[in-house]
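Note sheet for the following structure.
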2 protein chains.
Amino acid sequence: MKKNEDRRIRKTKKAMSDALASLLLKKPLNNISVREIAELADINRGTFYLHYRDVYDMVEQLQNEIFEKFNEIIDNYEPKSETDSLFPLIVEVFNLLADNSELAKVLISKNGDAIFLDKLKNLLRDKCLVNVKKLLKIKNEDEFQYYYDYIIAGCTGLFGSWLAGGMKETPVEMAGYTEEFIMKGADIFK
Amino acid sequence: MKKNEDRRIRKTKKAMSDALASLLLKKPLNNISVREIAELADINRGTFYLHYRDVYDMVEQLQNEIFEKFNEIIDNYEPKSETDSLFPLIVEVFNLLADNSELAKVLISKNGDAIFLDKLKNLLRDKCLVNVKKLLKIKNEDEFQYYYDYIIAGCTGLFGSWLAGGMKETPVEMAGYTEEFIMKGADIFK
DNA sequence: TCATGCGGGTTTTATAATCAACAAATAAGA
DNA sequence: TCTTATTTGTTGATTATAAAACCCGCATGA
């Protein structure tokens, strides 16, 4: 949560983001107008332009913000010991999704933004690989590459169905499932 | 909905009102601080004082606003014919409650403000008596007085349980029930 | 006893958001 | 095609809210 931002900015951006998300549920981005967003967000149309150049700029900025937060979470995670689990990290990821659920739902779920999803996967792949490999004590590197792709796709899929299903489970519960899935499957490498 | 008010004012007041309502669920008015309201509403504390003198003033103003809207609804209702039902009027009343549900819930329900409830009953009594009497074609005036008190208490009770139950039914459905109850019981006067 | 803390009000300065109006661009229909 | 709406950016003046710092009164506890 950005504490350094003016309350007013935080609220207007939230309102606009929610409005955009709810519009994206009904129609594709290319026929969503600034006017609609402003109206639904219950803000003056001019206010939109104080923050974004147009609708595409808005989506791009919002996506970048999410990516930045992902990065931040992952970068700030350092396991205490060699055998430390990924659990705390995964919990934070689910919390992040929860904080941005309206938008994340439409970006990740079906009819979502394929590019966004791909960037997300790449991010997870690049950033988490080291930790997972260390944790699992990998011997067979080649086969593991595939398993790692499998993990990444599985996780993002899990994100999507959790969000689409209305987030019935808590982030902690979901993190538990996720870690379990990852570790169980990794038994083949032992 | 007050269209003449600045968006910002509308939103701030809504936030403060919701905050107050949610605090009233947990504790009595006399130990709810301005600080708490501002914090929960996510507004600057100083902003509170731009609108209200203190917490009591706030409650009073909010109650008055609700009463004014009640009055407005009732005053603007004129039956087309002698036999016209109260249905449209009742629907509007339930809509009004829905629009102010957070606050109305705590004011009307148990642990609510007894004075508020009493004022509400008196308002309904005074304003609706004419219409109901006309509609029911009353002969026995004396006994009807009691029946009318009975109706009023019944209606406000219905308001309370609908709000407390989370407003599962639509205003139109509730208005249907309400009118049915009133008319059925009134058969004894025919 | 004094200190420390907390809530109540108030003030000042800075800035975000409002509203209303506008001309240019774009879409839509006859 | 020409005409008519609709959306788009942008502007200027105004207002509401934010933030941070006050002082005050009161309580609580060392």
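Each chain gets a letter, A, B and so on, in the order the sequences are listed, and its residues count up from 1.
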> Expressed in angstrom and rounded to an integer, what is the separation of B:Glu5 atom CD from C:dA17 atom C1'?
Replying inline: 15 Å
>> Checking B:Gln61 now: which residues fulfil side chain to side chain donor-acceptor pair (under 3.5 Å) with it, not counting sequence neighbours?
In response: B:Asp57
Protein-nucleotides 13-15 of chain C N/O pairs under 3.5 Å:
{"from": "C:dT15", "atom 1": "O2", "to": "A:Arg8", "atom 2": "NH1", "distance (Å)": "3.1"}

> Is it the case that more than 12 heavy atoms not belonging to B:Phe67 sit under 6.0 Å from its CZ atom?
Replying inline: yes
>> For B:Thr178, give me all partners under side-chain contact (heavy atoms from CB on, under 4.5 Å), at least two apart in sequence or on another chain.
In response: B:Ile90, B:Phe94, B:Cys155, B:Leu158, B:Ile182
>> Ring-plane angle category for B:Tyr148 and B:Phe144, please: parallel below 30°, perpendicular beyond 60°, tilted otherwise.
In response: tilted
>> Checking A:Asn71 now: which residues fulfil side chain to side chain donor-acceptor pair (under 3.5 Å) with it, not counting sequence neighbours?
In response: A:Lys127
> What salt bridge (Lys or Arg N to Asp or Glu O under 4.0 Å) pairs are there with at least one residue in residues 27-48 of chain B, not counting sequence neighbours?
Replying inline: A:Arg7-B:Asp42, A:Arg10-B:Asp42, B:Lys27-B:Glu36
> Within this structure, what is the CD1-to-P distance between B:Ile9 and D:dA16, rounded to whole angstrom?
Replying inline: 5 Å
>> What is the separation between atom CD on A:Glu39 and atom C1' on C:dT18, rounded to the nearest whole Å?
In response: 16 Å
> What parts of residues 48-62 of chain A reach DNA chain D, counting only heavy atoms under 4.0 Å away?
Replying inline: A:Tyr49
>> Using only modelled atom types and a 3.5 angstrom limit, is any donor from either the side chain of B:Arg45 or the base of C:dG7 paired with an acceptor on the other?
In response: no
>> Using a 4.0 Å heavy-atom cut-off, does A:Arg35 contact any base of the nucleic acid, only the sugar-phosphate backbone, or nothing at all?
In response: sugar-phosphate
> Taking DNA chain D as the partner, which of residues 26-34 of chain A come within under 4.0 angstrom of it by heavy atom?
Replying inline: A:Ser33, A:Val34
> Quick one: side-chain contact (heavy atoms from CB on, under 4.5 Å) partners of B:Ala98, sequence neighbours excluded?
Replying inline: B:Trp162, B:Met167
> Using a side-chain heavy atom cutoff under 4.5 Å and only I, L, V, M, F, W and Y, what cluster partners does B:Phe87 have?
Replying inline: B:Val91, B:Val172
>> Please list all pairs meeting salt bridge (Lys or Arg N to Asp or Glu O under 4.0 Å) that have one or both residues in residues 154-182 of chain A, counting only residues at least two apart or in different chains.
In response: none
> Please give, in whole Å, the distance from C:dA16 P to B:Asn44 CG?
Replying inline: 15 Å
> OP1 or OP2 of D:dA16 sitting under 4.0 Å from any side-chain N/O of B:Lys11?
Replying inline: no
> Who pairs with B:Ala153 by side-chain contact (heavy atoms from CB on, under 4.5 Å), at least two apart in sequence or on another chain?
Replying inline: B:Lys121
> A:Ile37 CD1 to D:dT8 P: how many Å, rounded?
Replying inline: 9 Å
> Is B:Leu50 isolated, or which residues cluster with it under the ILVMFWY side-chain rule of less than 4.5 Å, directly or via members?
Replying inline: none
> Where each residue is assigned the nucleotide of DNA chain D containing its nearest heavy atom, which of A:Arg7 and A:Glu36 is assigned the position nearer the 5′ end?
Replying inline: A:Glu36
> What's the CE-P distance between B:Met16 and D:dA16, to the nearest Å?
Replying inline: 13 Å
